[in-house]
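For reference, the structure is listed below as structure tokens.
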Number of protein chains: 2
Amino acid sequence: MPKEGITPRAQDYSQWYLDIVQQADLADYAEVVKGCIVFKPTGYAIWEAIQRGLDDRIKATGHVNAYFPLLIPKSFLMKEAEHVEGFAPEVAEVTRAGGEDLAEPYVIRPTSETIIGYFYSKWVRSYRDLPLLINQWANVMRWEMRTRPFLRTTEFLWQEGHTVHATEEDAERETLLILHEVYADFVEKEMAIPVIKGLKSEKEKFPGALRSYCIEAMMQDGRALQAGTSHNLGQNFARAFDITYTDQQNTIQYAWTTSWGVSTRLIGALIMTHSDDEGLVIPPRLAPTQVVVVPIYRNDAERSVVMEAVQRMTAEWKGRLRFKIDDRDNLTPGFKFNEWELKGVPIRVEIGPKDIEKGSVAIARRDQPGREGKSFVPQDGLTDRLTALLEEIQQALYRRALTFREDHTADVATYDELKQQVERGFARCYWAGTTEDEKRIQEETRATIRCIPLDQPQQAGRCVYTGKETTQQVIFARAY
Amino acid sequence: MPKEGITPRAQDYSQWYLDIVQQADLADYAEVVKGCIVFKPTGYAIWEAIQRGLDDRIKATGHVNAYFPLLIPKSFLMKEAEHVEGFAPEVAEVTRAGGEDLAEPYVIRPTSETIIGYFYSKWVRSYRDLPLLINQWANVMRWEMRTRPFLRTTEFLWQEGHTVHATEEDAERETLLILHEVYADFVEKEMAIPVIKGLKSEKEKFPGALRSYCIEAMMQDGRALQAGTSHNLGQNFARAFDITYTDQQNTIQYAWTTSWGVSTRLIGALIMTHSDDEGLVIPPRLAPTQVVVVPIYRNDAERSVVMEAVQRMTAEWKGRLRFKIDDRDNLTPGFKFNEWELKGVPIRVEIGPKDIEKGSVAIARRDQPGREGKSFVPQDGLTDRLTALLEEIQQALYRRALTFREDHTADVATYDELKQQVERGFARCYWAGTTEDEKRIQEETRATIRCIPLDQPQQAGRCVYTGKETTQQVIFARAY
């Protein structure tokens, strides 16, 4: 029986997603502000967990945070040719302020390469100032026509790293360090989402980049979601904004820059990777609440006995588990079970008078809804058991997502096979086509090259489209 | 001898402040974006420490974070009469987006009561939904004419809490809880800045509030700085945005709301409370770096001996102290001493070959520049000694600031005395004047009522301006 308020995935995946967002109370539509959402407390708490995990890794790899202006003089956007083409059509413009028309409009940052480039050109003087390794947590705005909560919203939250290096090699090393040690590590280990690391094709790369790397995840409908990007910007922005340094031979050189970002889109990836027809599923390491305790009682006498047992039981959880005790009196246990299932809390612990007599509790795993995930365990050693179970759930979610991706990925040798495969998942194939070929394929199949995986085959093969021999494989898929 | 690049306070306090901001590398002027600054890594790290301290307290008092849109339909601002008067003249307006003129402009939030009020009216239905206790970390924008780094910038960063309650009493309790347990507690204990808690006068209260409470600090030039405000908004915004709930008797009632905020202005308060003519001074609990180790050596052989000792010494600091080892080879110890003094690191540890022989190190306290703060101590037990010293410095900074404030606060009985006292600090006096009286005093003295302190005298006295008998005392001062 489908859960009230949640359209089953098999029936309408797109509606299922919107239902989860609403039923788990993650976001509200900001109808009065075009294409925006309100990040409600339950949704924002997930973003805070994502921020912590990423910020730790960003700092552990030698970066520091800073904050640059929200507004960018419109003319700045024009300084890098590809960049202006990519972003100019979708900016919001501030044309009046303090009651007066402005001589030059500002745009609200769609991304900050240009404004940060301006300051870096002032700050960088000598090779001793390099590398410059700065990250920013910020809101950005892109005036999108078709929006969907978390996945594509006019305003969204993100981090954007911007670094400056003396050589191309250093910039490339940075770009890949972020891809591996920050993004892939975080998304796989904390969010339990397996990703494919790869290079973007020319058609899909960031406007103004030399090379864009990405991590791509598969959603439960077989479509790809770009979960993070790391760009080697070459000397493009250094030339546009005059970021130069004096090298050890006292010669002035253009610097090499990188930029990299992940956004609140990751919340969308989280939902579409793990959740089910019962509601949201959050991996334990990321979950703001890992364990919810639902006390069971029928009257005040039972209540006081049960609540006392709950206090005793949870006393040693502090600092070890993130937990909530749901002692709301006006709601039935059944209502509470349903609510915490919807909200994706990894483990539910139920305890009533009979459990207390027996010295046990009932445990329900969110990743295995229904009887299968329910068990009765002794109260003795419960904290260790829960800690171990959380880790088990974390691994189980990752394995399930990985298995799903593998089951929905296939090697294809012909264009017909490709067309069929992108209906159900990722098509891996040899590729020696042009950007024009890729555009044609997109028109015909709605699939694009998601990435050129860093893991490449040893032997050559024939391009799925042109038949040319090549050693390069790519992943084609429809994407969010 | 004045430090290079820093104007002594006695010579020009205002220039001293700007010099500290620049020399400690806290911020850069964003000349290309009117009235904005870049929060450079050193400055932003202080903001991160402030955020952590406040966020912990905000959550410990039962609040959760969320995120609302940056843009507000311009018409929303008009819905509360005092609010529009206060903020409409200083907003930035988005009139174009996605290449088209907008039918209705948006304003960039100067504060979010209106947009959040809109959503609260949707979310609040029953008394069971109350209290609603939400906080937001965000950037806001007010088109200021005269700006100064951190103290007043067009764009700034802050947190803004917005809560909804069933009764006036609940709203008042919330307003004061934030004032005491979040703001005063954080600013006094972590930032070592003593504050006076009080109520704003009618003239100075938040546009749209019933009552505004504040914490006021004294800067080293005797002027006041409002370090945080907490507003009981009464039913003003509930009426403007139709925030109603059904009570237990099934009657529809207007709710009571509050809002409260502190901003990156606190960084300005930090600088002007503790810093000296040598540079920035940061209280240890807030300091991103608490201890800096400067190894002393003249050649490679000495370097390897010293660095080995440094590694041994600092091994047990991890997790106990926030420290940096300054092993840059291209700079002299003297240069490094100067730089860390400028940047306000609370303790410097120097260690060279002779110290190693003697089993000692040299310690320099930032709060006592020169010989006075320097001592030689054994390496044995160093970690405990440093931990204790950090706490001692924290207390010393608080005491020094408190003594300064007390020395620069005086009770005044006549308007002439008031005029003299506001030249040097806070004037405490009985007050029974009107808003018109207050405006006249401001025109004549540039001083305003900073607050009506919560601590009030037991006996009555005569108003400093009107001569009327009253039991109410206020603080007059010039303010930032």
Side-chain angles (χ1 to χ4, degrees), chain A residues 28 30 32-34 36-45 47-48 55 63-73 76 88-100 102 105-106 108 115-116 118-119 122-123 128 133-134 136 138-139 141-145 154-155 157 264 328 330, chain B residues 28 30 32-34 36-45 47-48 55 63-73 76 88-100 102 105-106 108 115-116 118-119 122-123 128 133-134 136 138-139 141-145 154-155 157 264 328 330:
Chain A
D28 196 3
V32 293
V33 190
K34 186 177 162 53
C36 285
I37 57 170
V38 177
F39 295 80
K40 295 185 82 172
T42 318
Y44 195 80
W47 179 238
E48 287 182 296
D55 199 63
H63 305 81
V64 287
N65 289 331
Y67 186 78
F68 295 84
L70 170 73
L71 299 184
I72 302 177
F76 277 31
E90 56 183 36
V91 292
E93 295 179 33
V94 173
T95 61
R96 283 179 64 79
E100 290 178 9
L102 297 172
Y106 294 102
I108 295 180
I115 186 82
I116 292 181
Y118 171 83
F119 290 104
K122 290 169 57 181
W123 299 351
R128 291 193 190 280
L133 306 172
I134 292 181
Q136 162 170 280
N139 53 345
M141 187 165 278
R142 299 175 187 176
W143 215 255
E144 304 279 1
M145 284 303 107
T154 306
E155 182 187 6
L157 305 177
T264 35
R328 292 174 293 176
N330 56 320
Chain B
D28 195 3
V32 293
V33 189
K34 185 175 164 52
C36 285
I37 57 170
V38 177
F39 295 80
K40 295 185 81 172
T42 319
Y44 194 80
W47 180 238
E48 287 182 295
D55 199 64
H63 305 81
V64 287
N65 289 331
Y67 186 78
F68 295 84
L70 170 73
L71 300 184
I72 302 177
F76 277 32
E90 55 182 36
V91 293
E93 295 179 33
V94 173
T95 61
R96 283 180 64 79
E100 290 178 8
L102 297 172
Y106 294 102
I108 296 179
I115 186 83
I116 292 180
Y118 171 83
F119 290 104
K122 289 169 58 182
W123 299 351
R128 291 193 189 282
L133 306 172
I134 292 181
Q136 162 170 279
N139 53 344
M141 187 165 278
R142 299 175 187 175
W143 216 255
E144 304 278 1
M145 284 303 106
T154 306
E155 182 187 6
L157 305 178
T264 36
R328 291 175 294 177
N330 56 320

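Below, chain A is the first sequence line, B the second, and so on; all start at residue 1. The shown structure was predicted, so the numbers you read here are calculated from the model rather than taken from an experiment.
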Most chain A-contacting option - heavy-atom pairs closer than 4.5 Å, from [options]:
| options | value |
| --- | --- |
| B:Arg142, B:Glu100, B:Arg128 | B:Arg128 |
| B:Glu90, B:Arg328, B:Lys40 | B:Lys40 |
| B:Ile37, B:Val64, B:Val91 | B:Val91 |
| B:Pro41, B:Pro89, B:Pro73 | B:Pro41 |

In this structure, CG of B:Leu102 is separated from CD of A:Glu93 (nearest 0.5 Å) by 9.5 Å
Residue from A:Phe39, A:Tyr67, A:Trp47 scoring the most non-hydrogen pairs under 4.5 Å with chain B is A:Tyr67
Considering only heavy atoms and a distance below 4.5 Å, find which of A:Gly99, A:Gly98, A:Ala92 pairs most often with chain B. A:Gly98
Proximal component of [X], with respect to chain A [non-hydrogen, under 4.5 Å]:
| X | answer |
| --- | --- |
| B:Leu71 | both |
| B:Met141 | side chain |
| B:Asp28 | side chain |

Do [X] and [Y] have side-chain heavy atoms sitting under 4.5 Å apart?
| X | Y | answer |
| --- | --- | --- |
| A:Asn139 | A:Ile108 | no |
| B:Leu157 | B:Tyr44 | yes |
| A:Glu48 | B:Asp55 | yes |

Show the numbers, then the answer: is there a side chain to side chain contact (heavy atoms under 4.5 Å, CB included) between B:Val33 and A:Ile115? CA-CA 10 Å; B:Val33 189; A:Ile115 186 82; 3.9 Å; yes
Non-hydrogen atoms of A:Phe68 and A:Gln136 that approach each other most closely: N-OE1, 2.6 Å
Counting distance only, does the side-chain N/O of A:Tyr106 pair as donor-acceptor with the main-chain N or O of B:Lys34 below 3.5 Å? yes
